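Protein chains get the first letters and strands the later ones, always in sequence-line order, with residue 1 at the start of each. None of the values given here were measured: they were computed from a predicted structure. Reckoned from all heavy atoms, side chains included, excluding hydrogens, waters and symmetry mates.
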Amino acid sequence: MDRERALELIYEAIDVVNQQLPATQRLPRDPATVIVGTGGSLDSLGIVNFVLALEEKTADALGRSVQLLMPEWLGADDGPFQTVERLATHLTMLRPA
Amino acid sequence: MRNRLYLIADFNADTFARYLANTAMPDADVKVAPFGQVYQALTGPGPGTDWPALVWTQPETVSDAFRRAAAFEVVDPAQALDEVDAFASAVKRFAQHARSVFVPTWTQPCWERGYGMLEWRPRVGVTHLLARMNLALADALAAEPTIFVLDAARWLAAAGPRAVSLKSWYATKTPFGPAVFETAAADLAAALDGLGGRARRLIILDLDEVLWGGIVGEVGWEGITLGGHDHAGEAFVDFQRALKALTRRGIQLAIASKNDEAVALEVIDRHPEMQLRREDFAAWRINWADKGHNVAALLREVNLGPESAVFIDDSAVERARIMNAIPGVLTPDWPDDPARYRETLAGLRCFDAPHLTIEDRERKGMYTAERVRKETLATAGDLETWLRSLNMTVSVESLTAANLVRATQLLNKTNQLNMTTRRLAQQELQQWVNEPQNLMLTFRVADRFGDSGLTGIVGLTFEQETAKMTDFLLSCRVMGRNVEETMLHAAVTHCRARGVSSLVAELTPTARNAPCLAFLERSGLTRTSAYQFRWDVQLPYGCPPWVNLDDRTGAVSTADR
């Protein structure tokens with residue numbers, strides 16, 4: 001998956017989770033947006049909902065199931081979910097079916 | 001008033017609450033009962049009688065028989081139906097302490113195949129059992145005016161194969177995907193709008209490329225695309241049928257079109273495939289004037305506010321004009337392809353109303369009669385001659401079970417000629433009228449053009465020597481025909497029969513009820529403060545001589561009149 005497509009999928013998942021957030025807390029569609037860790041505005045339910053939405057969209061794009069809901073990633077400040085940028089890099093490493 | 005909703009669910013409803021409060025009903029106050037404690041929440045105190053609630057459960061939570069049936073055990077369907085009945089009873093008891101209650105139907109994931117080809121076999125199929133449970137639930141709650149069963153199967157169908165996510169269930173105890181909540185939240189918001197009297201009642205339509213294909217001014221009525229062996233022509237006919245169907249729900253149609261009126265009406269009168277004829281339209285403005293002005297004029301003619309109207313036009317420019325000129329009018333994006341017109345219309349949630357009365361079903365005829373009535377006004381010369389020519393009868397009835405639904409509907413959606421804009425749920429209105437010091441009079445209006453139905457309400461509270469007018473409201477359909485004066489006459493007559501000495505009417509000003517203040521100012525009542533008016537009940541308040549008053553309450557004698 002190329003980086004542009006990865007960013008598009010992440011932004012689509014952000015759109016899903018933004019519907020659950022007050023206007024003032026919505027996540028910007030920006031590579032620097034923090035998803036998990038210091039500076040992030042999602043609570044634990046919001047993070048899980050975001051990851052589940054992204055899993056579905058990524059699975060559709062790759063034509064295979066994808067496992068992104070990994071507790072060790074969600075709790076780490078330096079994991080792939082820290083920012084949109086890092087998450088996009090992680091998605092580019094996933095291979096299609 | 002700020003929207004509010006109390007959620008009771010057997011799953012984690014926090015995600016749904018977030019959708020409601022941040023997307024479907026921005027800034028709504030949404031409270032969530034403790035997760036999984038449905039019966040405890042139904043029997044607990046609840047957040048208050050002015051809170052609507054949603055009770056969303058899974059079938060296996062409510063019915064152990066269903067849970068076992070889904071595991072392919074042999075069960076007696078009667079046991080499942082008994083469990084449904086127990087659940088319905090709990091919901092009914094809870095509803096006595098809530099403003100209204102919404103209960104989604106029970107659903108199964110589409111990937112749950114049960115017994116396959118045996119799924120609709122009675123006493124075998126899980127789907128068959130679930131359908132019986134849903135019907136039993138709907139039947140058990142049917143007589144409750146404040147409980148509404150919502151079709152959750154449609155929410156799941158709209159969401160597609162990922163409507164139910166086991167992963168979401170395992171991770172967050174939320175079984176449904178975001179798309180289910182999106183549709184459910186939109187439906188709930190529409191239902192709350194309907195309960196709040198905010199359902200739309202008028203569709204204003206363009207003609208060319210909306211009701212038919214082509215520009216009739218260029219191709220003539222014989223040359224337009226409508227019906228025939230043509231997919232676009234069939235789509236236009238189908239769209240017209242859908243519009244006509246809405247008129248049977250009390251939705252009115254009007255036309256705002258840039259055309260020569262005679263040319264456009266020729267299509268409506270003569271084209272054999274037209275499904276909508278002149279009598280289907282409450283009013284029209286077919287000319288070359290600005291559509292903003294035409295839509296405003298139509299609203300004035302049918303006496304409805306912008307918040308009651310929907311504007312449908314194929315031109316993005318005209319839609320933008322209306323959005324800018326009259327922002328209260330709902331102006332949906334409209335597809336280019338006529339094959340999508342019908343589904344786009346059906347997708348509008350703005351017509352949902354909590355009740356469907358005889359008046360709703362007959363409203364098309366009422367508006368047509370009103371158009372003819374106004375045409376006679378233009379030829380009558382003076383107003384009195386016209387009023388006399390109407391041969392109007394106003395019937396007064398007490399609030400009864402027979403007119404309670406319509407009275408509640410009128411109370412909750414009338415804005416302009418409404419003195420206090422008091423909103424009450426049907427149950428609250430019934431409770432209010434049960435108090436011995438309270439009286440509610442309802443008014444039906446008929447004339448030689450037709451029956452306008454129950455269109456007026458006067459509420460009175462008797463306090464020793466004084467009667468306080470709690471409600472004075474009249475449908476915009478019959479405003480300006482001296483029904484207002486007739487209602488005051490009846491109110492004074494009933495006050496005299498109850499032996500009070502004065503009648504006090506105090507207006508609560510709103511953004512919409514200036515017409516009511518204007519009426520009170522010219523009514524002849526004595527103004528005692530900015531918004532308060534008084535009448536000495538010993539003095540007769542005259543009934544307009546051209547109105548035949550038929551008091552069916554049995555509460556007043558000839559002497560009182």
Side-chain angles (χ1 to χ4, degrees), chain A residues 8-29 33 35-36 40-76 79-81 84 87 91 94 97, chain B residues 2-5 7 9 11-36 109-111 155-156 158-189 349:
Chain A
E8 195 182 313
L9 295 174
I10 296 166
Y11 292 153
E12 286 175 14
I14 283 179
D15 290 345
V16 169
V17 85
N18 272 346
Q19 288 187 289
Q20 304 165 24
L21 294 173
T24 53
Q25 292 175 26
R26 290 186 177 169
L27 304 181
R29 286 169 140 251
T33 296
I35 298 167
V36 169
S41 62
L42 292 177
D43 62 7
S44 57
L45 180 60
I47 291 169
V48 173
N49 283 338
F50 168 79
V51 177
L52 291 175
L54 183 63
E55 259 190 15
E56 289 190 353
K57 291 176 189 304
T58 307
D60 287 346
L62 296 176
R64 66 175 176 86
S65 65
V66 173
Q67 172 78 321
L68 297 174
L69 191 61
M70 310 288 270
E72 61 272 28
W73 289 350
L74 301 183
F81 281 92
V84 168
L87 186 52
L91 293 188
L94 300 175
Chain B
R2 192 177 172 202
N3 262 325
R4 42 178 48 171
L5 190 68
L7 299 182
F11 57 86
N12 178 357
D14 282 344
T15 298
F16 186 45
R18 294 176 185 197
Y19 265 103
L20 287 164
N22 297 306
T23 298
M25 303 189 299
D27 299 322
D29 194 357
V30 182
K31 288 185 182 176
V32 184
F35 152 61
C110 65
W111 39 258
W155 303 340
L156 268 65
R162 288 201 172 122
V164 175
S165 162
L166 282 179
K167 187 155 191 179
S168 174
W169 173 251
Y170 301 141
T172 68
K173 290 292 168 278
T174 309
F176 301 114
V180 172
F181 289 143
E182 203 175 318
T183 313
D187 272 4
L188 261 177
R349 293 182 165 86

Taking A:Leu69, A:Leu45, A:Val16 one by one, which has the highest count of heavy-atom pairs under 4.5 Å against chain B? A:Leu45
Interface of chain A and chain B, donor-acceptor atom pairs under 3.5 Å:
from, atom 1, to, atom 2, distance (Å)
A:Gln19, O, B:Thr23, OG1, 2.5
A:Gln20, O, B:Asn22, ND2, 2.8
A:Arg26, NH2, B:Asn22, O, 2.8
A:Asp43, OD1, B:Arg18, NH1, 3.0
A:Asp43, OD2, B:Arg18, NH1, 3.3
A:Asp43, OD2, B:Arg18, NH2, 2.5
A:Asn49, ND2, B:Thr15, OG1, 3.0
A:Glu55, OE1, B:Lys167, NZ, 3.0
A:Glu55, OE2, B:Lys167, NZ, 2.8
A:Asp60, OD1, B:Arg162, NH1, 3.0
A:Asp60, OD1, B:Arg162, NH2, 2.9
A:Asp60, OD2, B:Arg162, NH1, 2.9
A:Gln67, OE1, B:Lys167, NZ, 2.4

Heavy-atom distance under 4.5 Å to chain B: side chain of A:Val48, backbone, both or neither? side chain
Does any heavy atom of chain B fall under 4.5 Å from the side chain of A:Leu21, the backbone, both, or neither of them? backbone
